[in-house]
Structures are given as structure tokens and as C-alpha cells.
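So you know, we letter chains A, B, ... as the sequences are listed, proteins then strands, and number each from 1.
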Amino acid sequence: MNSSAQITATIDGVELSIPQDSTGFTLFTEKSVVALRVNGELRDLSYTISQADTVEPVHLESPDGLNILRHSAAHVLAQAVQTLNPEAKLGIGPPIKDGFYYDFDVDKPFTPEDLRALEKEMDRIIRSGQRFVRRVTNDAEASIELANEPYKIELIGLKSSTQDVGEASAEVGAGELTIYDNFDVKADSVVWKDLCRGPHLPNTRMIGNGYALTRVAAAYWRGNQTNKQLQRIYGTAWPSKEQLREHQVHLEEAAKRDHRRIGAELDLFSFPEEIGSGLAVFHPKGGIIRKVMEDYSRARHEQSGYEFVYSPHVTKANLFETSGHLEWYAEGMFPPLKLDEELDEEGNVKRQAQDYYLKPMNCPFHCLIYKSQNRSYRDLPLRMFEFGTVYRYEKSGVLHGITRARGFTQDDAHLYVARESIGVELTNVLNFVLDLLRDYGLTDFYLELSTKEEGNPKFVGSDEIWKEATATLAQVATDSGLELVPDPGGAAFYGPKISVQAKDAIGRTWQMSTIQLDFNLPERFDLEYTAPDGSKQRPVMIHRALFGSIERFFGVLTEHYAGHFPPWLSPVQVVGVPVADEFSSYLHGIATELRSSGVRIQIDDSDERMQKKIRNHTLSRVPYILIAGAEDIANDAVSFRFRDGSQINGVPRSEAIARILKDIAEKIQV
RNA sequence: GCCGACCUGGCGCAAUUGGUAGCGCAUCGCACUUGUAAUGCGAGGGUUAGGGGUUCGAGUCCCCUGGUCGGCUCCA
């Protein structure tokens, strides 16, 4: 056998001489390599290496590898759908976090039974070991070949017109237009094909059994509300069945922590249908948690130089005309109340109605407070804080328990600062925010910096001030030492912002606090202060919410702790369980002592058995159960039982009391 | 707002092809007086989210309204 000509390429970081017809298959024989990265581009394993290429293997377990796995699974799903329903038209089918989806235009929506049938068909396709074969085509040929796929034709058109194809980049992305053929070796023929940029796994068999179809939902074609709705099937896919199972366990864990479920279980809050969608009432237990949160927040704000203000829930339209909300936020507001209209006998308007609106935001009110007197540079920074209840007419489909509601209370503050002190003030605010979040038990953060989109005329304020403010925000963020993720173009039209993203106990990320600069409202309200040189200057406003909304933060904490609130937040901090009735007066004595220090303690002297009491109070997440019987009393002691079932027996009474008080005071989780 | 699924005593669930609402927990009463996750017995409680329709008959079928859930879109 002749040795073929050699070429030189960098393979996995090493420069090697390799046969000139080398492909990923010949270079990497480990089964875990599913694709290649050639000169930075993802390629199929079958890609032929050229002279001077830099080639790296893509392992199945890597982020790229997982995406390829999931993308290939999406293809198999689409093939299964068209096998079972040849009339189904293909939309797009990209990989997403943990899985994939594929959109279809079908006459009848899919049912859960359809999903089971589709999984069966997918299994068959996977087991049949079809090869994914890449084929380069062109607009004209592809259009003929895919004449029955109107959505794909549209994508081809978009690609050639170089429009932004958004999520559809998985199908037609940059570069050549390609089709992937599914080649069935046994049948010796192409059994299915899809317009796709690739790359794919070499073979359907590699998808294995670590996948599942999860749900169906409608989705607008190309994400545009004015387009037709397609039926979307979501799936999840993993390198192994075990990893799939792990993922499912994680979802179950998340479901167990769902604040809507825990809120009902622990009797924290509810959404009575009589009140209306997205409007919650807090029950006594939820009320305690909320009050403690608010009290602590107030105390901290007080220490940090904030002044407390209050504003009404309704206002005449005029205020929101000045602020601009009616111009650009009207659809997020409840419709106006029309007041004081008077008609004469003929029904003609004698006196025109006044429109009043429920406030969707507090800032305009605070601007009026600012304006209530002439301000000096000596007054700045002026920090106004309010637990301001706002009402927003969220679309019915977006409501989600207490984290996305129609009425909620923001821990809102507006800081009016001189331009030159923005940096100092922002640093203070960010430190304040992080410090307070840590007190509530969130410790894992990163920051997101949302900046102006260059060249977009919607942004108000001079380039100069944007530049300066953005640089200041970036500096402050960098100084915090936290990871900073840029969000270019994500700024509001009126100013850049930093948002704090917090990870919860099971690794989910929640957007928490936002710190937002505003060049717009000071302008609209014509806010001024007198500078040392006697000139009138315009302050900059910083909007800042720490919890975002108390309700939302409450929901996040509920999920973070899975209802096991730390003692300082627990509605009932201690329950005393006597072994028998005769011991309850001893526990009442301890309760009196604890209660005088503000501890929320109850003695359960109902006539249930003590085992039952322990079960009940454990299920209701009481941090400390104090048990006392003859033994304990003899030693002037008490026995602790914790939520996890662990216990410490015979703790001297004074020690027990000291421990409880200390844990509460230091906000320790138990 | 759009698509789909769903709504049965306080909570979680059940009720063959439409045949006239059951269970567990919780609640109340009685007994038991207990050492670490459910003591026993008994009782009360729903006309099936609200309204309309089809039918001899509707929790089951159809329509409208409200609400919930999963997505889409939205969350300056």
C-alpha cells in the first residue's frame, strides 16, 4: 500500500505530519470525540483536514459536544414527527440549555400520548444507526429540494438577504448553505434530510438513551407575535441515561422548592380568585417573614443615610405625562379611573373627567419631593427610600406566583447625585446591596453591566455623559471583585445599569438588585441644584431596588431555602413539645423567657401524641423543636430537635436559650 | 395577549362508554397521657370555578366568563 502524501496540521495543540486525506475519524479514535473544531469552526468528524489546519477534538461531555448531541436529537425528533405525520412542516430545531426543541406546523397540537409515540419512533431511528451526512447545496437547489418546507424556504431567503436570522442560525448560520442527509446503511438510502448548518454526531446511535421529550407548547414562528404559532416540542438530552436521571432529579428538586407550592403548604400567602390574577394576600405566617424582611431592610437603610418617604398609589395622568410613562409604558399600566365627570340634562359634558392612574413606578413621586424646594449641592446626595406598592398590568400569560405579579411592593430608592460624585455613590450603593443580600443568605453573585447600543438614537443624554457613567459603573463593578458579564445594548434608553445576579442553593440564577443611572427624569422634571459657584446644575438620578420587589425576593428566598428559612426569618422559631401534659408548664416557663427576648415560640400542648407533634412541626419547617420530659426537667435541661431530624439531648436550659438567641441575632442558618 | 392542558369539600386525589359524587390528610367530638416523623373511634363538610346550552339524565359533551399551569411574546 502506497503511503499517501503528508500534510502538516496542529492536532490538539501538537504540530504533526498527517496523511493528507485525514479526517476526524482517523485522527481521533476515542469514542468520546464527536466532532472537531477546525481553525475555530465546529466541523463534523468526517471533515477532511487541510494543510496548516488547527484541529481540536470536541468531546461529547463538553459544552460544544452537548450542543451537538442535542441538536442531533432535535433532528431525530423531526424525523420521527414526519414519519408519523408526513404533513408536518418543519420550523427550526436548535439545542438549548439542557436540551433542544423543534417547531412544527401541524393541524392538530401534539398530545402527551403523541410524545410517547414519538419517543418510540425516535428510539427506532436511533437504534437504526443512521449516519448524518453533510452536503453543500445552494439557494436554487435547496429551494427545489425543500419545496414542501415553506419555513425552510423562508430561512434560505433570509440567509441570502443577509438578514439577522436569530435563533434560526442553527439551520442556516454563516457560511455555505448545507443539508444534512440521514443515511440508513441497511436500507442503503437517504431516509430523511434537513436544512442545517451542523455539525452533527456521526451517527444517530450515539444519541443513546439519555434523552426524553418533555413538553409541548406553542411558539411564534421566528419569535414574532404577529407570525403564525407553531407547535414546539421540547426535549432534554444527555450523554447517558444516568445524567438524564440526574437532570430529572434536579427538576424534581426545583419543583419541590417552587414557592407557589411551599407558599400554600406553609400557609404563607395565596391568590384568591376573588381579588384577581396576580394579586396576592399574605397570611399571618407569610406576613411575619415579610415584616422581618422589611424591618431589617428599613433599619439598614436608616443606618446608611436614606430618608424615608411615602407616596400615594394613584395619581392624575399629568404626572405620568411629565415622566413619560404614558408615552412609553402605557400598556404596562392599569387603565385609568375616570373621576368627577358631570353631565347636564342633555347628557353633554359639563365638567370633564379627570384620569387617575394606579402607579406602576415610584420615581415620579420622588422627583416631585425633590422639586418641593430649591436644592443646594449641600443637600446631595439626596437618598429617598420607600416601600412603594406599584401596580402593573402584566399580560395574563406571564404571571408567575409571587415573583411576577400585578401588584407588588418595591424596596425602591432614588438617589439624586451631582455628576462628579456618581462614582462614590455607586460604590456605596453596590456595597450596600451586596452586603444586605448576604445577610439574607445569598452569597454567590455576579454582575451584569448593561450598556448603550452604539448608534441607536433612542438613547437620551450626551455621548459624553454615557461614556463617563458607563466607565464609572464598570470601574465600580470591577472594584467589587465580582465577575462582570457585559450586556451590550441592554441598557434602558435613559441610562446604563448594573444588575446583581444571585445563584440559589441549587445553582439557579436570579436577577436581584438593579442599580440604574437615569439622565432622563431629571431632565423631564427639570430638576436642579445650586452648585458652589452659584450656577444651576442638573443632578443625575440613580434608581435602585435591592429586592426588586419584596414579593419577588420572598419567592426567591422561599425557593433558595426550600421553605427552611433561617431562624431569624422563620414565622415560628421554636416549638416546645412536652413528652406528656404534666411537663408543659416547664416549657411554658422557657417560652416566657424566650418571648421576652422577642423569640416567636409556641408550646404545643394539644392532645396529639408527641411523635405526631414532632412530625407536624418538622413538616412546617420550625427550626428548633424543644422537647422536655421528666429527665430534662430533673436536670433543668431541654432536648433540641432540628429540621433535619438531628438532635441534641439534655442541653442546660440557659445554654439552650443562649444558643437560640445567638442564632437568631447572627442570622445563622440551622 | 397567543397556543395547549387543567379547575371536584381547607389541601392532595378518585368517580367505566353521560346514570345522579368517594378516599386520605386537615377540622370538630370522645377516649387514650404518651421520650423523638402519623393513637383509636365517631361526626360534620362538596351539587363538582361561575353562567348558559345539549340530554329523560351532565363532574363527565358544547359555548361564554374567571382562574391555574406549561410555553411563546413581554419584563424600559
Next on the checklist: Base, sugar-phosphate or nothing for A:Ala218? Non-hydrogen atoms, less than 4.0 Å.
Outcome noted: base

Next on the checklist: I want to verify a distance call: between B:A37, B:U68, B:G1, whose nearest atom is closest to the A:Ser277 side chain?
Outcome noted: B:U68

Item to check | Protein-nucleotide distance (A:Lys228, atom NZ; B:C3, atom C1'), rounded to Å | outcome: 12 Å

Item to check | Presence of salt bridge, A:Lys467 and A:Asp463, under 4.0 angstrom | outcome: no

Next on the checklist: Please pick, from B:A37, B:G71, B:G67, the nucleotide with the shortest atom-to-atom distance to any side-chain atom of A:Arg641.
Outcome noted: B:A37

Checklist entry - Rounded to the Å, how far apart are A:Lys497 NZ and B:C75 C1'? => result 9 Å

Item to check | Separation of the C1' atoms in B:U47 and B:A5, to the nearest angstrom | outcome: 25 Å

Checklist entry - Whom does B:U60 pair with, Watson-Crick or G-U wobble, provided both distances fall under 3.5 Å? => result none

Checklist entry - How is A:Leu619 classified with respect to the nucleic acid when contacts are heavy atoms under 4.0 Å: base, sugar-phosphate, or nothing? => result base

Next on the checklist: Can you tell me the base-pairing partner of B:A31? Count Watson-Crick or G-U wobble geometry only, both distances below 3.5 Å, and say none if there is no partner.
Outcome noted: B:U39

Next on the checklist: Tell me whether A:Lys359 forms a cation-pi arrangement with A:Phe365, defined as NZ or CZ under 6.0 Å from the six-membered ring centre and within 45 degrees of its axis.
Outcome noted: yes

Checklist entry - So does A:Glu559 pair up with A:Arg508, basic N to acidic O under 4.0 Å? => result yes

Next on the checklist: Check this for me, if you would: do A:Arg524 and A:Glu321 make a salt bridge, where the nitrogen-to-carboxylate-oxygen distance has to be below 4.0 angstrom?
Outcome noted: no

Checklist outcome for this item: Picking from B:U36, B:A37, B:G35, the nucleotide nearest the side-chain atoms of A:Gln647 would be B:U36

Checklist outcome for this item: Of the candidates B:G1, B:U36, B:G71, the side chain of A:Tyr220 sits closest to B:G1

Checklist entry - Between B:A14 and B:G22, how far is it from one C1' atom to the other, in whole Å? => result 7 Å

Checklist outcome for this item: Across every strand shown, the nucleotide meeting Watson-Crick or G-U wobble geometry with B:C2 (both distances under 3.5 Å) is B:G71

Next on the checklist: What contact category does A:Tyr494 fall into here, base, sugar-phosphate, or nothing, at under 4.0 angstrom with non-hydrogen atoms?
Outcome noted: base

Checklist entry - Is the shortest side-chain N to carboxylate O distance from A:Arg621 to A:Glu265 below 4.0 Å? => result yes

Checklist entry - What's the closest nucleotide to the A:Asp581 side chain, out of B:A38, B:G67, B:U33? => result B:U33

Next on the checklist: If I pick the C1' atom on B:A21 and the same atom on B:G57, what distance separates them, to the nearest angstrom?
Outcome noted: 15 Å

Item to check | Separation between the C1' atoms of B:C25 and B:C56, rounded to whole Å | outcome: 39 Å

Checklist entry - Contact class for A:Asp607 (heavy atom, under 4.0 Å): base, sugar-phosphate, or nothing? => result base

Checklist entry - How close or far is atom P of B:C2 from atom NZ of A:Lys395, stated in whole angstroms? => result 10 Å

Item to check | Protein-nucleotide distance (A:Leu399, atom CG; B:C69, atom P), rounded to Å | outcome: 8 Å

Next on the checklist: Suppose we define a pair by two distances each less than 3.5 Å, Watson-Crick or G-U wobble; what does B:C11 pair with here?
Outcome noted: B:G24

Checklist entry - Expressed in whole Å, how much space separates the P atoms belonging to B:G44 and B:C23? => result 12 Å

Checklist entry - Rounding to a whole Å, what distance do you find between A:Lys612:NZ and B:A37:C1'? => result 11 Å

Checklist entry - Quick check, are the ring centers of A:Phe642 and A:Phe640 under 6.0 angstrom apart? => result yes

Checklist entry - So what does A:Arg609 touch, heavy atoms closer than 4.0 Å: a base, only the sugar-phosphate, or nothing? => result base

Checklist entry - CG of A:Asn635 versus P of B:G35: gap in Å, rounded? => result 18 Å

Checklist entry - How far, in whole Å, is B:U60 from B:G18 if one measures between their P atoms? => result 12 Å

Checklist entry - Atom NE2 of A:His617 to atom P of B:A26: distance rounded to whole Å? => result 13 Å

Checklist entry - Nearest-Å distance, CE (A:Met610) to P (B:C32)? => result 20 Å

Checklist entry - Nearest to the side chain of A:Glu273 - B:G67, B:U39, B:U73? => result B:G67

Next on the checklist: Quick one: does any side-chain atom of A:Arg70 pair with a main-chain N or O of A:Ala237 as donor and acceptor, under 3.5 Å?
Outcome noted: yes

Checklist entry - Looking across every strand, which nucleic acid part, if any, lies under 4.0 Å from A:Gln231 by heavy atom: base, sugar-phosphate, or nothing? => result sugar-phosphate

Item to check | Nearest-angstrom distance, C1' atom, B:C28 to B:G19 | outcome: 35 Å

Checklist entry - A:Arg404 near the nucleic acid: base, sugar-phosphate alone, or nothing, with a heavy-atom cut-off under 4.0 Å? => result base

Next on the checklist: By the 4.0 Å heavy-atom rule, please label A:Gln611 as base, sugar-phosphate, or nothing.
Outcome noted: sugar-phosphate

Next on the checklist: Need one value for A:Ala630: base, sugar-phosphate or nothing, where a base atom within 4.0 Å counts as base even if backbone is also close, heavy atoms only.
Outcome noted: base

Checklist entry - Rounding to the closest angstrom, what is the interatomic distance between B:U55 and B:G45 at atom C1'? => result 31 Å

Item to check | Salt-bridge present (A:Asp504, A:Arg257; N to O < 4.0 Å) | outcome: no

Checklist entry - Applying a 3.5 Å limit to both distances, which nucleotide forms a Watson-Crick or G-U wobble pair with B:A49? => result B:U65

Next on the checklist: Base, sugar-phosphate or nothing for A:Arg552? Non-hydrogen atoms, less than 4.0 Å.
Outcome noted: nothing

Checklist entry - Which nucleotide in the set B:G1, B:U34, B:A38 lies at the smallest distance from any side-chain heavy atom of A:Tyr393? => result B:G1

